Each structure stands twice: as structure tokens, then as C-alpha cells.
Amino acid sequence: MQYNFREIESRWQRFWAENQTFRAEHPNEKPKFYALTMFPYPSGAGLHVGHPLGYIACDIYARYKRHQGFNVLQPMGYDSFGLPAEQYAIQTGQHPAITTRTNIARYREQLDQLGFSYDWSRQVRTSDPEYYHWTQWVFMQLFDSWYNRDSDKAEHLTTLISAFEAGGNTAVNAACDEDTPAFTAAEWQAMSEAEQQRILLKYRLTYLADTEVNWCPELGTVLANDEVVNGVSERGGYPVIRKKMTQWSMRITAYAQRLLDGLDTIDWPQPLKDAQTNWIGRSKGASVTFRSKPVKPGGERYDLEVFTTRPDTIYGVSFMTLAPEHDLVPELTTEAQREAVEAYVEASARRSERERMADVKSISGVFTGAYAEHPLTGEDIPIWIGDYVLAGYGTGAVMAVPCGDQRDYDFAKHFDLPIPNIFEGVSIEEEAYADKAGTVIANSDFINGMGYKEASNAVIEALEAKGLGKGTINYRLRDAVFSRQRYWGEPFPVYYDAEGLPHLIPEDCLPLELPEVEKYLPTETGEPPLGNATHWAWDAETLSVTANDRIDHKTVFPLELNTMPGWAGSSQYFNRYMDPDNSAALVGDQAIGYWQDVDLYIGGSEHATGHLLYSRFWQYFMYDRGWVPVEEYAKKLINQGMILGTSAVVYRKSGTNTYLSKGLIGDQQVEELRVDVNLINASDELDLEALRKWQPQYADAEFELEDGAYVVGREVEKMSKRWYNVVNPDQICEEYGADSLRLYEMFLGPLEQSKPWNTAGLSGVHNFLKKLWKLYHQGADRSFEVLDDKASAENMKTLHKTIKKVQDDIEGFSFNTTVSSLMICVNELTSQGCRQRDVLEPLAILLSPYAPHIAEELWKKLGHTDSIAFAAFPQFEEKYLVEQSKEYPISFNGKMRFTLELPLDLSREEIEAQVMADARTQKQLDGRTPKKVIVVPGKIVNIVG
RNA sequence: GCCUCGGUGGCGGAAUUGGUAGACGCGCUGGAUUCAAAAUCCAGUGAUAGCAAUAUCGUGUGGGUUCGAUUCCCACCCGAGGUACCA
């Protein structure tokens, strides 16, 4: 009987769906296991073979855990708010909800083909109002919370208000805006309602703030750094400037230390922890105040605050540098310098932050004309601006110590500023000296002769005495901007009163659903797309959304026009899966009491400082407020690597419509263009007829051929529709089956690494499944047959060797080597002629997490009526593997020359004697006496000499 | 620039603690079967030299530690990912 994968796979997929085999129930007396893969954004292109890599790995682990007796929850859903659907809406006018629905249907069809053991009854979609109800709900709780640094957790705003009423804000130790004024209880009581609200906004965990953004006036929108190339928008090439905008922010900085400390408690990849650690960027140092001198007689003086990790080098300060965007730049600029400063500020507004960070070679800056007073020496310190200082970074100002910091050094050299040396016995002729450990301070008054630590403490003490500084811990982490000027995202449950202050709509009015709009573009006045809605006002009396023309700022108010960012919906989805239909809470106590947290989370490392940091922040917040039982939601995390595609390249002779075959280019000027890989045959030859039909630009093109064919170039790069190099899983399922695809994706290489895709290799794993099938069909006319007599010792050795390897490899997430060992197992059992149930039954279970359809089919043929999914994993028994002898590699000077079979119970001396007695040893030595013989019993013999 | 990961045959990769480099698979070559093909099976396959036994070289490059290095250390080259509004 043939291995008919089409029939087998569709039969078992139907069986699983009809029997709800993978439905996870709670409570349950079994131990729980929650396996989660990052849910996809359902793009219009559908799944390509790169997507399922992590899903397959997660499914294998989930199925393995079921065999181990766990009650497994493995859900799937869609991160369905996002830019591509909106972009498509702008181009075609089709509502993003329709695009999204179509795409989700397509994804579901493709996912169903691959045999995942998902509990589909728990599916979530972030764009579903039933779901974003709870995203909005979390936002509301953040709005109504503040961070108490004394209790070190978030609390409801009522405790803050009581504290204000009792003793003003000086007694409160809270995370708040830097510009929060001090007030007493009496002053608080005397404030108007609006004034109080304005103060509270400085404490809320989500608040309004002016933030720098990449503004593209032409497109009327904010762009990601990614979308800005050389100061212009990637789309359209319009100018982009840095601009301040009032936006919602999340006070994630309140959690900086806890997010850092929490990393020690979770089993996540070290590089990912490194990324978060660096992102949070804790550094210890001092904040120091430099007072500016009046720019003109009788003018004002300003406090310039800087943060430094090297307070010990304060006597080496020879100038200050401010970010061009620094608030005080206009005030500190003298008339003589104004023109130059303004030109420089404008020029740097056109450079992206990334550009400014990456470019260390070109040094630029301008003197403001102003001076500050050195806090300890009282000397005049010139104030410069330079774009190597970033506005959003620390205070946007640095005290420049050219002898101790390379960027300051380069800046000083370039502008011929003094470089005082404050290090004992160190030359700074060539470069700055930044070695903290080797530092001995000189030319620095009372700290001469001290090391880094001692000097830093002494300086901090001196600054504190003068009231011009203090020891402090600084975090690089910035509060997270939470507004997007987009349509296709969660609306904020917020309206604005006559004073422009934000108010929440009542909790029981959630969800606040996205309004319909005519156009998905920003409005002509530059407002976000929701500004196009005619019904986007809040009636505070009827508690409902109403028409804009009813806005009177008394009972009807304008609603927020921004929407939430992509990461909002993914920050609590893992908890929602536990209880997706709960209409009273994000997650019910019983559900989260049982499921607790995610045991295994698989996803890409590109989410390290986005989703994976924000979701930890929300979870900490939820924990503080008592809604979830654990601080960290994912105990273990694995990053899956990227699948790379092999693109096909054609070469267009510059300025013509003539294409040169790869071998004919020589030194001619050509442009490289990507063409669809499906137009290429196995010999890298292009199907010209198909190409002409593929895109109009090729219809009349000329082609210069080699040996009658057009040969394309190949380029390995990220698999993406953009490069026309995607390989679709549907065709593969059709030709080889889902089990083959699953095995092959795992067989390609280590899960965490990126690796190129090559469909040709699929036949290898497909052949393996055919061989496996044959092993169970050795009866007359290849009919199914297993024998009930005892398997041979050899059979058992092969089986148990494989059990051990498969178990160790799954637990170590080494899925590629499991597939190899299953292949070796089948090869060995085939040549041994094994037909025994003792061996073939456990083998089916070993295979089942990887190739579940064929395993179910064989399980049924073996006489079982229930699903193999819950069969107990075979027990490894050491006794089958005990060896009597070892084939020792015999090396000479580290090079293996021959092997020698010796009993394992020989002593070191006996082994040496046997080896020396061997004729081949004497031949290798050729009469020489060995200097040394190294014997490692059970491993190796090495003869030196 | 900075942080992180990676570099092993024609290709994907293996080598678990410093101990036989190249498991397993693809591809390729030769053979069996077949009228022929598909499918299947058998043998070979890092490079160079040699009829062969065998020898020399060989894990990005250059150095080092060691009886022994793909594995540890130092310096460098190349590629990929992230770098705060792509998801």
C-alpha cells in the first residue's frame, strides 16, 4: 500500500477539528503547559514558508508535552491592526476591516493545512471590538494609576489624591514629569478642578506630552526612522523634519529598574536580555547643573542640567555641547551667532537620529556665543551645539571632557578647543583616555591623585554642598510614545473638555468602536484620519458617540483623533487567550489562576525591544494592580531565525531595455532587477515568454542570451514579497504533504539561526516518510503488518538510542538533529528487517510531534481507536545501550591514523600496552620512541613523538 | 557608529564537556531493475598527488594556549538582525 499523504492528512485534519482534539479545558487535574507563538499580522501576501518555522517548532513542543501528560494550551490569533491594510485602504478605498477579514480567512486556510494542534476556540483578533475593549480597558487603568516609588508599584490615583490632600506633593515619592512644581496641601486644595487635573496628568502612567517626531508635511504624517532615507520620505521622496507634537506617552521609565531586575528571573536568550539591558541603559553617575551667563547685560541666567557617568573628570570640562533641539538654544544664542545657529538647527532637523548616531566621521557644530559657569571652578565654559548630542537622550546636553571622551575629543580637535589633561601619567596627544579603572586624577584641585570611584564620590559631595548637582542613576530608556496618526488602530477612550484636558469615557461604555471615515488619509489641516469622521464626538449625557456638529464643549466633546500603536494589542493577548470569551474582565480569576503564565514563547528576535519590552511593562502594571498573579508572563522564550529566499536577478544595460545574461555583463554598466523566482528553472535559466507576460516592462524587452538561454544571477536575502522570492507552502503541501513540510522546515538547520530556503531538499524528508511507511507495510503485497513477537537486541538498541536522542533534542530545542536521528533509526530498522510492535509502536509516538498525520494513521493501523496525541512518550532504558568495547581512535601528534577495537574495562596501562603492541603503531613510529602516550579511557589515545 | 548573532564540502547542515572534522539529507557519478522512463535499490563522493596502500592540505584571515582546537584566548575581514512610528 502506497503512502497516500493527501488522503491521510485531510482525514486527520478533519478528525481533529470534528473531535476538538486540542481543545484546552480548565480547571484540570493534569499539570498545565502553555505554549505560545507570536501571532502573525495577516498580510495580503498570505503565508510563505518562512512564517510557519516558529509555529512548527512550537507545535512540536506542545505535542511533545501532551505525550508527557500535560494539559496543553496552544492558541493562535491575529495581530490584525496595522499599516499595510491601511495603506491598501488609502490606495483603493476598501475598508481595512474587509481587507483584514479576507487575509485572515486565507491565513486560516493555510494554517489548517499544516496540522497544528491549536485550540481554535480561543482565537483572538486585535482589531475585533470584543478584543480591543480590553486593550482600551488597560489604557484606562494606566490613566487612572500612578507609580509610587516608596511602595515600588503602581497604585490607583485615589491614593495619590489623598496624599496631596494630606501633605501636598513634597512628601510623595512618585514617577512624574520633570517640570512638576512643588505644592502644599493647602495649595492643592486651593487649585481649580482643571489645575488639579493638569497636575494629575503629570503623574498618570499614561499622559500627554510633547514628543519629537519625524514629520513629513507633504504626506501629513509621522514617519518611522525606517521610512526616512537621507532626510526625505522613502515613499515619494518628500522632505521630513523633526517636530514636536502632543502625544500620549506611557510612563514605562517608572518600571526601568524592575524591568531590568526581572530579566534575571526568566529563561530568555542572552542576546535578547542584552538588547533589553542596553535599551534600558542604566548608568550611575551625577547630574550637574551649569549656570549660564547672561547673553546680554542684565539678561537671564539659565540652569543647564547635564548627566555624566564621569563626575571625576569635571575639571577636564572645556566646553559644553547641547543638542540642536535643546529648549534653551534660542535663549542662549547671541545676536552675532544667531544666523549660524539657526542654519545649523535647521540642517540637523533634517537628519534622522539614526544617521546622527551612525555618522561619527563628519564632525559638525556651532558656537552659541554663550558661556556657562563651571560649577566648581567658576570658569567660563563656552556653550556649543552639536548634532552628536541627541535631544531625546538624557538631558540633551553634555559637559564635554575632551581628554576623557573620544567624541568630545574629536569635536575639540575639529574646532580647535582646548583639551586640558586631567590624567596622571597619560598622554592624550593621539586620543582620549576613557579607561575608568586606570584613571588617576591630576590638575583637579582637591581630587588630585584619586581614582575614578573616590574622585567621583568626592565631586558629588562637593556639588551637593553647593546645590549644583547630585549622585543619580540615569536610564537611557525613554517613555514610550503611544499615539499614532493612523486610522487602523484602537481608538482612545478619551474626549477633551473645553480646557483641552483629557477625560475617560465610562468603563461600561467600552468598547469605543472605530468610526467610519470617507478617506483614510490625514485631513487637509493635518489632523489624523479620524479627523475625517463626521460622528466622532462624545455625548456625556447619553454616554454615546454622536455627530461632530453637536460639539458644544459643555455636554458634547470632541474625541481623541489619534489611535493606539501596533504594540498595544499585543501587550496582553497572552492573558486574553486564557479566557477569550470573558465579557466581564480581561481574564477571569479562575482562568489565570490555572494557566498562570506562558511556559514557552517562540518568536523573532526583532521584537526584543518593542513588543517584548512593552508587554513585560503591561504585565508588571497588571501585577501591581492585582489582576494577574505573576510579574513575568513568559518563563521561557526561544527566538526562531529567519528563512532567507534565493532571489533571481536580471541585468538591464543602463539606459536601454536590453537585458544581458549573467555571463555577458563583463564590465558593462547594468541595473540589477529582481524577477519572480517561479520563472526560473533548475539551471537558473529564465522563462522569457512567461517573463514578458509577468510585467509589462518586459513585454518588448531585448534579451542577449548565452548558449540559447538567459541565465539569471542568484542572491540570498530575506524572503519577502518585495524581492519576488517567496515560496508558498500550499504548493509544497500539495506536492509533498504537510508532514514533509514540517519535517523539512525543522531539518533545514538550528531553529534560532537564519537559513536559506531550497525546496529541492524536500525530497529527502519525503523519502524518509516513504521508507518509514514501508517499515510498517512489509506484509504480502506491501500490506500493513507488525509482528507481536519480541524484537531483537539490535532493534531495541536502535529504538532506545533514538528515544534518548529525540527526547534530549526536543528538550534542547534542537529539532534539526531529531529529524536526522529519526532518519538514522528508520535506516537501521529497515536494514535490520524489523517488524516488531515492540519497536514500531513507540517509534510512531516518537515521530508524532513532527509528522502528526502519518503517526495518527499508523497508530490507527496498529489497532488503536483513540488519537496518538495523548499516548505516553516512550521510556528510555539504559540497559539496551550498554557497550562492551570501544573503537579507539589512535592518533599520532594529534592526527588520527587508525582505529583499534578494545574492551571498555581495560585500564590506562593495558590500553597503552595493547596500542604499542599493534603493528600499525610500530609502522607509524618508524623506529622512534614516543615521548609521551596520552590515554583517555573510553575516548582516545594520542602518541606524541 | 553602537549592541547581538553568524562564517565548516557543490548546497542545507552534524560534531552534547577541548578528543576520529564533514553524521543525516540534497546534488553529482557509476551500477542494478526496466523495451524505455518514473519509482526503488546498491556503491562512490572535502581538495591535491598516487594503480593502490598511503601522504599532504583542510572548519572566514592572522597569531596564541594545548599531547590534541570547528570548540578556549587576542587581533582582524565579511554577512545578517536591531538601533525607539515596519510588523
Side-chain angles (χ1 to χ4, degrees), chain A residues 38 40-41 43 79 81-84 211 213-214 221-228 234 247 269-272 274-275 277-279 353-361 388 392 407 476-486 565-567 570 604-611 613 639 641-642 644 682 716-718 744 747-750 752-765 767-768 770-771 774 805 808-809 812 814 816-817 819-824 827 887-899 930-934 936 938-945:
Chain A
M38 289 182 185
Y41 173 78
S43 83
D79 190 11
F81 274 134
L83 223 42
T211 336
V213 293
N214 296 317
T221 185
V222 175
L223 299 175
N225 281 339
D226 227 52
E227 301 170 290
V228 184
E234 190 182 33
Q247 309 204 66
Q270 194 54 43
L272 202 152
D274 290 347
T277 303
N278 294 334
W279 192 258
E353 214 169 88
R354 180 138 2 132
E355 242 183 290
R356 283 163 59 173
M357 276 191 287
D359 182 11
V360 292
K361 289 191 190 87
Y388 75 101
R407 286 165 311 174
R476 199 175 77 97
L477 183 71
R478 312 204 282 251
D479 278 343
V481 180
F482 199 66
S483 297
R484 297 292 184 270
Q485 296 68 45
R486 302 267 151 78
W567 55 270
S570 56
S605 61
E606 66 274 21
H607 300 283
T609 54
H611 161 61
L613 193 62
N639 289 131
M642 226 170 26
L644 308 173
V716 174
E717 56 203 349
K718 185 175 177 158
Y744 187 57
F747 188 61
L748 273 183
E752 294 94 329
Q753 276 171 32
S754 58
K755 51 223 160 231
W757 179 264
N758 179 11
T759 306
L762 246 158
S763 61
V765 292
N767 278 342
F768 156 70
K770 284 201 271 192
K771 270 192 230 170
K774 262 196 198 164
K805 178 83 175 139
D808 289 353
D809 285 355
S814 178
N816 54 327
T817 50
V819 180
S820 303
S821 53
L822 287 169
M823 286 174 171
I824 293 168
N827 289 346
E887 189 151 309
Y888 278 92
I890 313 299
S891 315
F892 293 80
N893 297 319
K895 282 200 175 82
M896 204 280 285
R897 293 304 177 188
F898 60 90
T899 59
K931 289 201 191 87
K932 208 179 191 181
V933 179
I934 287 147
V936 184
K939 283 249 155 103
I940 197 173
V941 177
N942 190 17
I943 297 163
V944 187

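Below, chain A is the first sequence line, B the second, and so on; all start at residue 1. Since this is a predicted model, take the numbers as computed values, not measurements.
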Is [X] touching bases, backbone alone, or none of the nucleic acid, heavy atoms closer than 4.0 Å?
X	result
A/P756	sugar-phosphate
A/K805	base
A/V222	base

State which residues pass side chain to side chain donor-acceptor pair (under 3.5 Å) with [X]; sequence neighbours excluded, sorted by chain then number.
X	result
A/T277	none
A/K755	none
A/T759	A/W757
A/N758	none

Whole angstrom value for the distance that separates [atom2] of [N] from [atom1] of [X]:
X	N	atom1	atom2	answer
A/K770	B/C41	NZ	C1'	13 Å
A/I890	B/G19	CD1	P	17 Å
A/Y888	B/G68	OH	C1'	17 Å
A/H611	B/A87	NE2	P	14 Å
A/K932	B/C67	NZ	C1'	5 Å
A/I934	B/C67	CD1	C1'	3 Å
A/N893	B/A69	CG	P	11 Å
A/F892	B/A55	CZ	P	10 Å

Among [options], which nucleotide has an atom closest to any side-chain atom of [X]?
X	options	value
A/N942	B/C85, B/G13, B/G19	B/G19
A/L477	B/A84, B/U16, B/U40	B/A84
A/D79	B/C85, B/A55, B/A87	B/A87
A/N816	B/C67, B/A14, B/A87	B/A14

Around atom CZ of A/R476, are there more than 12 heavy atoms from other residues, nucleotides or ligands closer than 6.0 Å?
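More than 12 heavy atoms, drawn from other residues, nucleotides or ligands, come within 6.0 Å of this atom.
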
Protein-nucleotides 2-7 of chain B N/O pairs closer than 3.5 Å?
from : atom 1 : to     : atom 2 : distance (Å)
B/C3 : O2'    : A/N278 : ND2    : 2.9

Paired stretches of RNA chain B - 3 or more consecutive Watson-Crick or G-U pairs, each distance under 3.5 Å
B:1-7 with B:77-83, B:10-12 with B:24-26, B:27-32 with B:40-45, B:46-49 with B:54-57, B:60-64 with B:72-76

Look at the side chain of A/N942 and the backbone N and O of A/I934, then say whether any donor-acceptor pair between them is shorter than 3.5 Å.
no

All N/O contacts under 3.5 Å from nucleotides 79-83 of chain B to the protein, with atom names and distances to one decimal?
none

Report the residues that fulfil salt bridge (charged side-chain N to carboxylate O under 4.0 Å, His left out) with [X], sequence neighbours left out, ordered by chain and then residue number.
X	value
A/D274	none
A/R478	A/E353
A/D79	none

Parallel, tilted or perpendicular, judged at 30° and 60°: which one describes the rings of A/W567 and A/F482?
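If you compare the ring of A/W567 with that of A/F482, the planes turn out perpendicular.
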
Below 3.5 Å between N/O atoms, which protein atoms pair up with nucleotides 24-30 of chain B? Just atom names and distances, please.
from  : atom 1 : to     : atom 2 : distance (Å)
B/G25 : OP1    : A/N827 : ND2    : 3.1

Once ring pair (Phe, Tyr, Trp, His ring centres under 6.0 Å) is applied, do any residues pair with A/Y388, and if so which ones, sequence neighbours excluded?
A/F411

Residue whose nearest RNA chain B nucleotide is more 5′ - A/M896 or A/S814:
A/S814

By nearest heavy atom, map A/T817 and A/R897 onto RNA chain B; which one lands nearer the 5' end?
A/T817

Output the distance between atom CD1 (A/I824) and atom NZ (A/K805), rounded to the nearest 0.5 Å.
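Reported to 0.5 Å precision, the distance equals 8.0 Å.
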
Measure the CD-CG distance between A/Q753 and A/L748 for me, rounded to the nearest 0.5 Å.
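It is 11.5 Å, given to the nearest 0.5 Å.
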
Flag side-chain contact, heavy atom, 4.5 Å: A/N893 against A/V944:
yes

Does the side chain of A/Y744 come within less than 4.5 Å of A/F768's, by heavy atoms?
no

Give me syn or anti for B/G64, where syn covers glycosidic angles within 90 degrees of 0.
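The base of B/G64 is oriented anti (glycosidic angle more than 90° from 0).
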
